[in-house]
Chemist: 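Pasting in a structure now, in structure tokens, and then I'll have a few things to ask.
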Protein chains: 2
Amino acid sequence: MLNSYSSADKVLLAVDCIIFGFDSDGLKILLIQRDFEPEKGKWSLIGGFLKRDEVLDDAAIRILNTYTGLNDIYMEQLYAYSEIDRDPVERTISVSYFALINIENHNEELIKNYHAEWFPINEAPHLIFDHNDMVQNAIKRLRYKTSIKPIGFELLPEKFTMRQLLELYEAILSKELDKRNFISKINSLEILNKLDEKDMQSSRKGSYLYTFNKEKYEEKLLNDFVLNL
Amino acid sequence: MLNSYSSADKVLLAVDCIIFGFDSDGLKILLIQRDFEPEKGKWSLIGGFLKRDEVLDDAAIRILNTYTGLNDIYMEQLYAYSEIDRDPVERTISVSYFALINIENHNEELIKNYHAEWFPINEAPHLIFDHNDMVQNAIKRLRYKTSIKPIGFELLPEKFTMRQLLELYEAILSKELDKRNFISKINSLEILNKLDEKDMQSSRKGSYLYTFNKEKYEEKLLNDFVLNL
DNA sequence: TTTATTAATGTAGATTTCACACTTACAATA
DNA sequence: TATTGTAAGTGTGAAATCTACATTAATAAA
């Protein structure tokens with residue numbers, strides 16, 4: 001019985017994470033200042049190498065956890081980047097993942113220690129290797145996914161206002177949306193719970209808080225879900 | 001200057017191709033009967049290993065060409081599969097690609113020699129490893145891509161009838177479409193050339209042949225393209 | 001009590017989608 | 001050459017969805 005494909009070449013496999021967060025300033029990504037060569041000191045996506053007995057999804061989870069302290073985060077594999085010299089040190093194929101996190105939840109200590117920082121997506125610095133491409137692709141995928149699955153909620157705190165949700169979608173799609181039309185479309189999906197509680201930060205009147213109702217959503221999934229904004 | 005990330009583990013990288021074709025029997029995939037261990041004699045996707053100085057896209061092109069003799073084929077990377085024991089011989093991560101080919105164009109000799117065969121997508125045999133998953137994912141992606149880009153034309157001969165186009169879309173989406181509505185939607189895109197020539201195979205009356213007008217399409221791309229069938 | 005600020009809400013016109021059936025052109029056959 | 005059979009080609013009206021748009025409501029602060 002064969003126990004190796006001896007003739008084939010082996011390569012390094014890396015995982016790079018595009019970590020999206022959202023707050024009142026808009027959509028952001030978490031970047032890190034590399035503390036090793038090459039490109040030490042330059043900005044980079046958060047990444048690492050796949051281990052021998054590790055599945056790619058687990059590597060992505062491990063890396064995210066290392067730098068943010070977070071678990072149970074929405075992640076999705078995006079694309080494998082394989083240009084020969086993309087990493088000047090050694091042939092490395094990198095698989096990108098995107099993650100959606102609630103920006104208020106991560107471990108501030110950790111990201112400080114790692115010299116990580118949040119950047120508004122339009123003000124991100126130049127990144128090493130092909131990481132800028134990865135980010136652009138991730139944004140595209142985020143837009144697409146947002147239109148077919150309500151993953152946007154992953155980026156918000158558990159309780160949120162309609163305005164926050166609206167601003168999140170505006171940030172993701174980078175276009176203005178009509179408030180009334182947006183609200184009625186969201187309501188027609190019937191996947192939110194309107195709470196009795198109000199958020200009084202934003203105005204005198206206060207705005208109702210909502211939570212995402214995952215159960216109702218799962219029910220609906222049997223049918224199709226399309227969100228056309 | 002660093003010249004290796006010495007601590008990291010290396011792995012084998014494979015490429016597996018989901019090759020779609022279309023003829024009067026519907027949508028098909030090209031499968032191969034493995035002639036090496038393990039799983040010799042079982043049906044499998046067409047694949048191979050990534051070479052040291054090769055980009056993934058090129059590996060996919062090389063593999064497709066080896067088995068079909070074709071060049072200049074529409075291909076797209078899909079997903080990296082990394083379960084630890086997906087290949088029992090050795091840890092192998094496989095990146096899947098899908099290809100769309102005009103089923104009449106490939107080299108019959110070649111595929112015969114390689115024991116390759118076309119299977120209607122609903123009658124495909126059980127495949128080795130995780131290849132059935134790969135196929136299912138590829139079909140999903142094909143459906144999606146079809147709705148946002150006119151890639152369906154890649155599967156047809158250069159000149160085709162409206163009926164062929166209709167049947168292609170029905171096969172991809174696996175649902176019936178209304179002939180009149182389909183035709184008027186396609187026409188409203190204004191990306192086809194209607195030829196004076198008719199195809200007389202299918203009926204006494206004969207049906208007009210069309211070609212895909214790539215230039216007109218590229219123009220339109222500046223705006224958005226959505227095909228909602 | 002007045003004022004300032006943001007939240008909440010509905011409608012009408014335009015556009016798009018969908019369902020649906022008859023006529024036409026031609027080749028084959030009698 | 002008249003008849004027949006077959007798939008091609010074509011348009012409309014009703015329903016659903018999308019879009020643009022402006023006023024009132026609730027509350028805290030002054």
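Note on naming: letters A, B, ... go to the chains in the order of the sequence lines (proteins, then strands), and numbering restarts at 1 for each one. Basis for what follows: all heavy atoms, side chains included, without hydrogens, waters or symmetry-related copies.
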Chemist: Is the distance between the ring centroids of A:H115 and A:W43 under 6.0 Å?
Modeler: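 Judged by ring-centre distance (under 6.0 Å), A:W43 and A:H115 do not meet the cut-off.
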
Chemist: Could you tell me whether a side-chain N or O of A:K28 sits under 3.5 Å from a main-chain N or O of A:I121, the two making a donor and an acceptor?
Modeler: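 Such a contact is absent between A:K28 side chain and A:I121 backbone.
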
Chemist: Taking only residues two or more places apart in sequence or in another chain, which ones pass side chain to side chain contact (heavy atoms under 4.5 Å, CB included) with B:S44?
Modeler: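 With sequence neighbours excluded, B:S44 shows a side chain to side chain contact (heavy atoms under 4.5 Å, CB included) to B:I32, B:R34, B:I128, B:H131, given in chain and number order.
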
Chemist: Give the B/S/- string for nucleotides 1-12 of chain D, one per nucleotide from 5' to 3', where a protein heavy atom under 4.0 Å of the base yields B, of only the sugar-phosphate yields S, and otherwise -.
Modeler: ----B-BBBBB-

Chemist: Could you tell me the separation between the CD atom of A:Q164 and the C1' atom of C:dA7, rounded to a whole number of Å?
Modeler: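 Checked: the CD to C1' distance equals 14 Å.
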
Chemist: Only distances under 3.5 Å count here; give the side-chain donor-acceptor pairs of residues 152-160 of chain A to other protein atoms, sequence neighbours excluded, each with its distance to 0.1 Å.
Modeler:
| from | atom 1 | to | atom 2 | distance (Å) |
| --- | --- | --- | --- | --- |
| A:K159 | NZ | A:E197 | OE1 | 2.9 |
| A:K159 | NZ | A:E197 | OE2 | 3.3 |

Chemist: In whole angstrom, give the distance that lies between atom CG of B:L177 and atom P of C:dA19.
Modeler: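 These atoms are roughly 11 Å apart.
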
Chemist: Here's one to test your reading of the geometry: is the NZ or CZ of B:K194 within 45 degrees of the ring axis of B:Y210 and under 6.0 Å from its centre?
Modeler: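 No - B:K194 does not lie over the ring of B:Y210 by the 6.0 Å and 45° rule.
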
Chemist: Any salt bridge linking B:E190 with B:K216? Criterion: basic side-chain nitrogen under 4.0 Å from a carboxylate oxygen.
Modeler: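 No, no charged N to carboxylate O under 4.0 Å.
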
Chemist: Quick one: A:L165 CG to C:dA7 P, roughly how many Å, whole number?
Modeler: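 So the CG-P distance, A:L165 to C:dA7, works out to 13 Å.
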
Chemist: Could you give the NZ-to-C1' distance, from B:K185 to C:dT17, as a whole number of Å?
Modeler: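 Rounding to the nearest Å, NZ of B:K185 and C1' of C:dT17 are 6 Å apart.
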
